[in-house]
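Numbers here are sequence positions counted from 1.
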Amino acid sequence: MKIIKVKNYDEMSDKSAEILASVVKAEPHATLGLATGSTVLGTYDRLVEMYKRGEISFADISSFNLDEYVGLGGDSDQSYVHYMRKHLFCRTDFDLKNTHLPDGAAENAEEECARYSALLAANPRRIQLLGLGSDGHIGFNEPYSPFDGTTHVAELAESTISDNSRLFERLDDVPRKAITMGIAEIMQARSILILVSGAAKAEAVRAMVNGEVNESCPASVLQRHGDVTLIVDEAAAGLL
């Protein structure tokens with residue numbers, strides 16, 4: 001695992017956008033694995049700025065997101081479809097036909113998981129962007145999720161619900177389930193870029209980088225991937 005230590009969130013966002021932009025420039029038809037949440041907002045803002053300056057284009061890029069809340073369709077302003085369109089897709093020249101997320105409003109969630117898993121198998125990701133949960137989760141693969149898991153419906157841990165509640169009006173509004181890309185599918189990406197900021201994530205970073213590889217810390221599996229870059233700020237790197 002390549003570790004890039006930076007001073008703060010802004011430097012993390014600068015560096016991560018630089019890495020993603022280099023992929024887009026070198027491979028204009030690449031397939032990207034994308035993430036949501038507050039950690040990657042700065043990265044997306046910088047990619048939008050690069051696009052507006054004419055430095056990069058997403059016109060022929062395809063994307064697959066990690067997850068979506070069960071029960072939320074694209075018309076919900078709390079859905080990840082809305083998040084991606086607001087923060088990246090509709091601020092650049094992404095063709096929305098080439099952007100993919102699980103359908104959280106699907107009538108049959110298990111069938112939707114199978115559909116999305118088949119899409120992932122047919123579309124290898126050139127690079128997968130990740131954040132890290134305070135309990136070590138990646139995507140919505142909570143502790144003790146199987147390393148060989150594929151797309152599935154996940155029950156969210158209380159710590160995850162609490163972490164995500166800042167994006168909702170009330171704690172009770174946070175969905176308790178999500179459709180998430182499985183760990184095995186995350187590991188299929190040719191390269192992985194994981195971003196971590198803040199002292200609250202320091203223990204999870206330590207377990208991911210230096211801990212035993214086991215399912216109690218899902219992100220520890222990244223030690224087994226051949227091309228992982230971790231960008232971590234000073235606060236989150238405090239226990240390394």
Side-chain angles (χ1 to χ4, degrees), residues 1-68 74-103 116 119-120 122-132 138-139 167 181 185-186 188-198 225-234 236:
M1 184 181 297
K2 179 182 179 182
I3 300 175
I4 301 174
K5 294 182 181 180
V6 295
K7 184 175 182 179
N8 53 34
Y9 180 88
D10 285 340
E11 288 189 14
M12 179 195 73
S13 300
D14 290 340
K15 187 62 180 177
S16 58
E18 176 186 314
I19 291 172
L20 288 169
S22 69
V23 171
V24 171
K25 291 176 183 178
E27 302 179 39
H29 292 82
T31 298
L32 308 180
L34 298 179
T36 53
S38 56
T39 300
V40 298
L41 282 175
T43 303
Y44 291 158
D45 283 343
R46 285 153 179 78
L47 290 174
V48 170
E49 291 166 6
M50 291 179 188
Y51 161 73
K52 289 180 176 179
R53 292 196 297 266
E55 298 172 10
I56 54 175
S57 170
F58 299 95
D60 296 312
I61 293 290
S62 297
S63 70
F64 287 83
N65 265 73
L66 286 165
D67 39 41
E68 178 62 280
D75 56 346
S76 168
D77 60 7
Q78 298 292 354
S79 72
Y80 287 150
V81 170
H82 178 82
Y83 172 106
M84 291 304 304
R85 292 184 177 185
K86 177 181 178 180
H87 294 294
L88 182 63
F89 295 158
C90 292
R91 298 171 69 196
T92 63
D93 59 346
F94 260 101
D95 185 338
L96 293 180
K97 296 192 301 293
N98 295 332
T99 65
H100 306 274
L101 294 92
D103 181 3
Y116 202 67
L119 276 177
L120 294 173
N123 293 274
R125 274 74 63 211
R126 166 61 183 83
I127 187 168
Q128 176 66 58
L129 179 63
L130 296 174
L132 179 68
I138 47 177
L167 303 174
M181 191 184 297
E185 292 162 333
I186 290 172
Q188 289 168 359
R190 193 193 318 172
S191 61
I192 292 174
L193 175 62
I194 183 163
L195 314 181
V196 195
S197 175
H225 195 284
D227 188 358
V228 175
T229 299
L230 164 64
I231 306 179
V232 58
D233 70 9
E234 289 179 353

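A distance of 6.5 Å separates CD1 in I194 from CD1 in I138, rounded to the nearest 0.5 Å. Note that the CE atom of M1 and the OG1 atom of T229 stand 9.5 Å from one another [nearest 0.5 Å]. Between the CE atom of M50 and the CZ atom of R46 there is a distance of 9.0 Å, given to the nearest 0.5 Å. Rounding to the nearest 0.5 Å places CG of D227 at 13.0 Å from CD of Q128. Expressed to the nearest 0.5 Å, how far CD1 of I3 lies from CD1 of I231 amounts to 12.0 Å. We find the CG-CG distance between L195 and D233 to be 10.5 Å, quoted to the nearest 0.5 Å.
A heavy-atom distance below 4.5 Å is not found between the side chains of L20 and I56. The side-chain heavy atoms of S76 and H82, taken from C-beta on, include no pair separated by under 4.5 Å. Between R126 and T31 the shortest side-chain heavy-atom distance does not fall below 4.5 Å. Contact annotation: the side chain of L34 never approaches that of R125 to less than 4.5 Å [non-hydrogen atoms, C-beta and beyond]. Residues M12 and T39 have side chains in contact (heavy-atom distance under 4.5 Å, counting atoms from C-beta outward). In this structure, the side chains of D103 and E68 stay at 4.5 Å or more apart for every pair of heavy atoms. In this structure, the side chains of Y83 and N65 stay at 4.5 Å or more apart for every pair of heavy atoms. In this structure, I186 and H225 have side chains that are not in contact, with every pair of non-hydrogen atoms separated by 4.5 Å or more.
Remark: side-chain polar atoms of Y116 are not paired, donor with acceptor, to backbone N or O of M181 under 3.5 angstrom. Between the side chain of Y80 and the backbone N or O of G37, no donor-acceptor pair lies under 3.5 Å. Judged purely by atom type and a 3.5 angstrom limit, D95 has no side-chain atom pairing as donor or acceptor with the backbone of D60.
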Open item on the list: Working note: Y51 + L88, criterion side-chain contact (heavy atoms from CB on, under 4.5 Å); need CA distance, chi angles, decisive distance, verdict.
Closed with: CA-CA 10 Å; Y51 161 73; L88 182 63; over 6 Å; no

TODO: Start with the C-alpha distance between I61 and L32, add both sets of side-chain angles, then the distance that settles side-chain contact (heavy atoms from CB on, under 4.5 Å), and finish with yes or no.
DONE: CA-CA 7 Å; I61 293 290; L32 308 180; 3.8 Å; yes

Open item on the list: Go through it in stages, so that I can follow the logic: the residues are F89 and S63, the test is side-chain contact (heavy atoms from CB on, under 4.5 Å), and I'd like the CA-CA distance, side-chain angles, deciding distance and then a yes or no.
Closed with: CA-CA 10 Å; F89 295 158; S63 70; 3.5 Å; yes

- [ ] Evaluate side-chain contact (heavy atoms from CB on, under 4.5 Å) for L132 paired with L230, printing each intermediate quantity in order.
- [x] CA-CA 10 Å; L132 179 68; L230 164 64; over 6 Å; no

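Relative ring orientation between F94 and F58 is described as parallel, the plane-to-plane angle staying below 30° on a 0-90° scale split at 30° and 60°.
The minimum heavy-atom distance between Y44 and A35, with the atom names listed, is OH-O, 2.6 Å. Of all heavy-atom pairs between L66 and L129, the closest is CD1-O, 3.9 Å. Taking both residues in full, the closest heavy atoms of A59 and S57 are given as N-OG, 3.2 Å, listed atom of the first, atom of the second, then distance. A pairwise comparison of heavy atoms in S16 and S13 identifies OG-O, 3.1 Å as the closest pair.
A salt bridge between K15 and E18 is present, with a side-chain N of the basic residue lying under 4.0 Å from a carboxylate O of the acidic one.
Applying the 6.0 Å contact sphere to CZ of R91 captures more than 12 heavy atoms from other residues, nucleotides or ligands.
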